[in-house]
Amino acid sequence: MRVFPLFCAALLCALPLRAQPQFSDQTAAAGITYRNVFGGPEKHYILESHGSGAAFFDHDSDGDLDLYIVNGATFATYRDRSGPGNALYRNRGDGTFVEITQEAGVGDAGWGGGVAVGDIDNDNRPDLYVTNYGANVLYRNRGGDRFADATQAAGVGGDQYSASAAFFDYDRDGDLDLYVANYVVFDAEHLPATPKLCTFFSGLQVYCGPKGLVGAPDVLYRNEGDGAFTDVTQASGVAAANRYYGLGVVPVDYDSDGDSDLFVANDETPNVLFQNQSDGTFQDVALIAGVAYNGDGDVEAGMGVDFGDYDDDGDPDLYVTHFFTETNTLYRNEGGARFSDVTTTAGLAAATVEMLGWGTHFFDYDNDGRLDLFVANGHVYPQVDQAETGTTYRQPNQLFRNEGGRFAPVSAGLGLAQAKVSRGTSFGDYDDDGDIDLFVVELNDAPTLLRNDGGNASNYLVLQVFGREDNRDGIGTRISLQAAGKRQWRTVNGAGSYLSHSDLRVHFGLGATQAINRVEITYPNGSTYAIENVPANKLLVVRQGQGHALLELGANPF
């Protein structure tokens, strides 16, 4: 049984400031004018609550991170596609962005949810996949700030209530396949004249679901290498777990056998861990691996998810965000066969039990060489502010500093402490100064661009991997770094968090260490490459089969 002390608000439990990095809100200063629209203010239906995501990615291959933001709709604008549409912002390279949505042709005005990024045709241009309520959209990157709708030709439109998606090469054939997590079956075309509401704490009347609704089946698409995808949901075996309510998804080789596995966070139903059988099929091993439920055997409301080796033992650990009163859950990887729920002993129970978590990520915000944790928070029911429920609709986000295997909440500036209804979160060094920044999509509100101010006071190394035999972006590549008697591990992967995509460049914090003894790279096809005596505070660009180059961070690696 997990036992934890009395509840404490995130800011009250925070450690005192110790010259730590601070996060400042740069949204307006950066020129981002997007505003999220996602249903009405009272949230009478489940479709109105789950929000949107965003992506940090380099759409024009100029070396800096651009920003794509998904938007929602209302029931009225959904029907005639007159909503605000999604937005693409090009990074000017000076800390500001300019919107280029119209010229890029990526302003889909459906009821958007998530975004995945991947170079599906290995042409050195990243493509966009947008998940919607209804048909999803695939945008092929044509270069010159132009994208083309390739959904029909690729065969990946679908017609579900989709949530998170992930590009990954599950069959190791050198191109990126696509997994789409779908949520519930919901009919927006035939809404009742009066919403049917259900009872929450203190007798509050709120929208119904997901319990009582039919789960929408997830889909796995295999990339055929010619611009088309094939639905292999049944043939691959992932259909065996398609009765659940899928929200978050992240691929990772959790058992270190050389191929990509897949974890799906499900809402109010057991989670799924698809172990890759290396023959084109998957098997759900979540129950025997200990991640279908929490350590008490309880099903939880899985939203956001990420893998990261927080304890530096060489295998990726798992973090899943959950509903109010459930706590988020940290699963420690016990050598690739099983996970243990270590939420309480890691210090992450009491600080999260009164929050409702969404986007999340392991990242080293202070460059001390240990993976920290971020969680975006916000309730789903505005009505909780009307009674003594022990929670609020708007909530502060949380940052947990890794203190050597145990986490502690930290205050890190007013930008991070704002109470909003946060959802999808993307991570990346948008200003190329050596520390990782955050972009949070806020429900029915302006977003929050959080610039990391001071994380680069400690040293770092950033790696960018390009595949030649494998996929162009090296997704699934495993990297280990040895410096000052310590070893760190990372995997190239932009998926995870919630409805979002993060920078594919791999970031290592180094603390006071000024040189790296050795960097070892293992590509998805099993080939390896090693570099020794690497100086800190550089961008290390590695091209499969072609060697490497050391650049200043901010230089164009293409």
Side-chain angles (χ1 to χ4, degrees), residues 116 160 163-183 215-224 229-295 297-300 302 305-307 309 314-320 329 331-341 471 475-476 478 491 493 495-496 522 524-526:
Q160 299 287 344
S164 298
F167 282 111
F168 71 121
D169 185 6
Y170 84 90
D171 52 3
R172 294 200 291 179
D173 64 351
D175 50 33
L176 294 174
D177 311 298
L178 174 65
Y179 189 93
V180 183
N182 292 317
Y183 189 43
D218 296 356
V219 181
L220 176 62
Y221 295 103
R222 185 181 64 217
N223 191 332
E224 302 297 350
F229 289 75
T230 299
D231 183 341
V232 294
T233 309
Q234 293 291 335
S236 65
V238 300
N242 264 351
R243 62 190 181 277
Y244 303 138
Y245 309 130
L247 284 177
V249 58
V250 59
V252 70
D253 181 9
Y254 82 92
D255 52 5
S256 301
D257 66 352
D259 48 29
S260 292
D261 311 296
L262 195 77
F263 180 87
V264 182
N266 292 312
D267 189 7
E268 299 291 356
T269 46
N271 298 318
V272 171
L273 179 60
F274 287 122
Q275 185 183 55
N276 195 325
Q277 302 298 295
S278 302
D279 60 0
T281 67
F282 291 87
Q283 181 179 356
D284 179 15
V285 298
L287 183 60
I288 61 174
V291 295
Y293 308 93
N294 68 13
D298 298 326
V299 68
E300 297 181 295
V305 59
D306 196 33
F307 272 104
D309 186 10
D315 48 34
D317 310 294
L318 174 66
Y319 191 70
V320 188
T329 304
Y331 297 97
R332 185 179 63 209
N333 192 328
E334 307 291 359
R338 184 172 174 80
F339 292 78
S340 297
D341 181 346
N471 63 86
I475 292 175
R478 183 92 161 130
T491 299
N493 172 45
T522 303
N525 69 358

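Index from 1, following the sequence. The figures that follow rest on heavy atoms only: side chains count, while hydrogens, waters and symmetry mates do not.
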N294 and T329 have their tightest heavy-atom pair at CB-OG1, 4.3 Å
- Message: I'd like to know whether the aromatic ring centres of F307 and Y319 sit less than 6.0 Å apart in this structure.
- Response: no
Here the gap from N182 atom CG to Q160 atom CD, rounded to the nearest 0.5 Å, amounts to 5.0 Å
The reported gap from CZ in F168 to CG in D171 (rounded to nearest 0.5 angstrom) is 9.0 Å
Minimal heavy-atom distance between P524 and I475, with the atoms involved, is CG-O, 3.5 Å
Only one of V264, V272, T233 passes side chain to side chain contact (heavy atoms under 4.5 Å, CB included) with V238, and that residue is T233
dist F229:CZ -> R222:CZ (nearest 0.5 Å) comes out at 11.5 Å
Output for pair (E300 CD, Y293 OH), nearest 0.5 Å, gives 11.5 Å
message: If we ignore hydrogens and angles and just use 3.5 Å, is the side chain of N223 paired with the main-chain N or O of L176 as donor and acceptor?
response: yes
| query | Does V249 reach the side chain of V305, with side-chain heavy atoms less than 4.5 Å apart? | reply | no
* Asked: Within a strict 4.5 Å, meaning less than it, do heavy atoms of the F263 and V320 side chains meet?
  -> yes
Taken to the nearest 0.5 Å, the spacing of S340 OG from E334 CD works out to 3.5 Å
Worksheet item: For D315, does its backbone N or O pair with a side-chain atom of N333 as donor and acceptor, under 3.5 Å?
Response: no
Looking only at heavy atoms, the pair that brings Y170 and N276 closest together is O-ND2, 2.9 Å
Heavy-atom side-chain contact between T269 and D267 under 4.5 Å
no
- Query: Counting N and O atoms only, with roles assigned by atom type, does the side chain of N471 sit under 3.5 Å from a partner on the main chain of G174, one being a donor and the other an acceptor?
  - Reply: no
Nearest heavy-atom approach of A289 to L273 is CB-CD2, 3.8 Å
Could you check D253 against S260 for side-chain hydrogen bond (donor to acceptor under 3.5 Å, both in side chains), going step by step and ending with a plain yes or no?
-> CA-CA 5 Å; D253 181 9; S260 292; over 6 Å; no
Looking only at atom types and distance, does a side-chain atom of R338 sit under 3.5 Å from a main-chain N or O of I288, one as donor and one as acceptor?
yes
Tested for side chain to side chain donor-acceptor pair (under 3.5 Å) against D218, the lone hit among Y244, Y179, Y183 is Y179
Between V291 and the options V285, N271, L318, the side chain to side chain contact (heavy atoms under 4.5 Å, CB included) test singles out L318
Paired with Q275, the side chain to side chain donor-acceptor pair (under 3.5 Å) test is passed by just one of D284, D255, T281, namely D255
Residues at least two apart in sequence or cross-chain that pass salt bridge (charged side-chain N to carboxylate O under 4.0 Å, His left out) with R172, listed by chain then number, are none
Check your understanding: L178 versus L220: any side-chain heavy-atom pair under 4.5 Å?
Key -> no
Should the pair F274 and F282 be assigned to parallel (<30°), tilted (30 to 60°) or perpendicular (>60°) ring geometry? perpendicular
Discussion item. I'd like to know if the side chain of D173 and the backbone of D175 have a donor-acceptor N/O pair within less than 3.5 Å.
Written reply: yes
Distance col, row S236:OG vs D177:CG, nearest 0.5 angstrom, shows 10.0 Å
For Y331, the ring pair (Phe, Tyr, Trp, His ring centres under 6.0 Å) test, sequence neighbours excluded, returns none
Heavy-atom closest pair (G246 atom, A181 atom, distance to 0.1 Å) is C-CB, 4.2 Å
Correct closest heavy-atom pair for P251 and A166 would be CD-CB, 4.0 Å
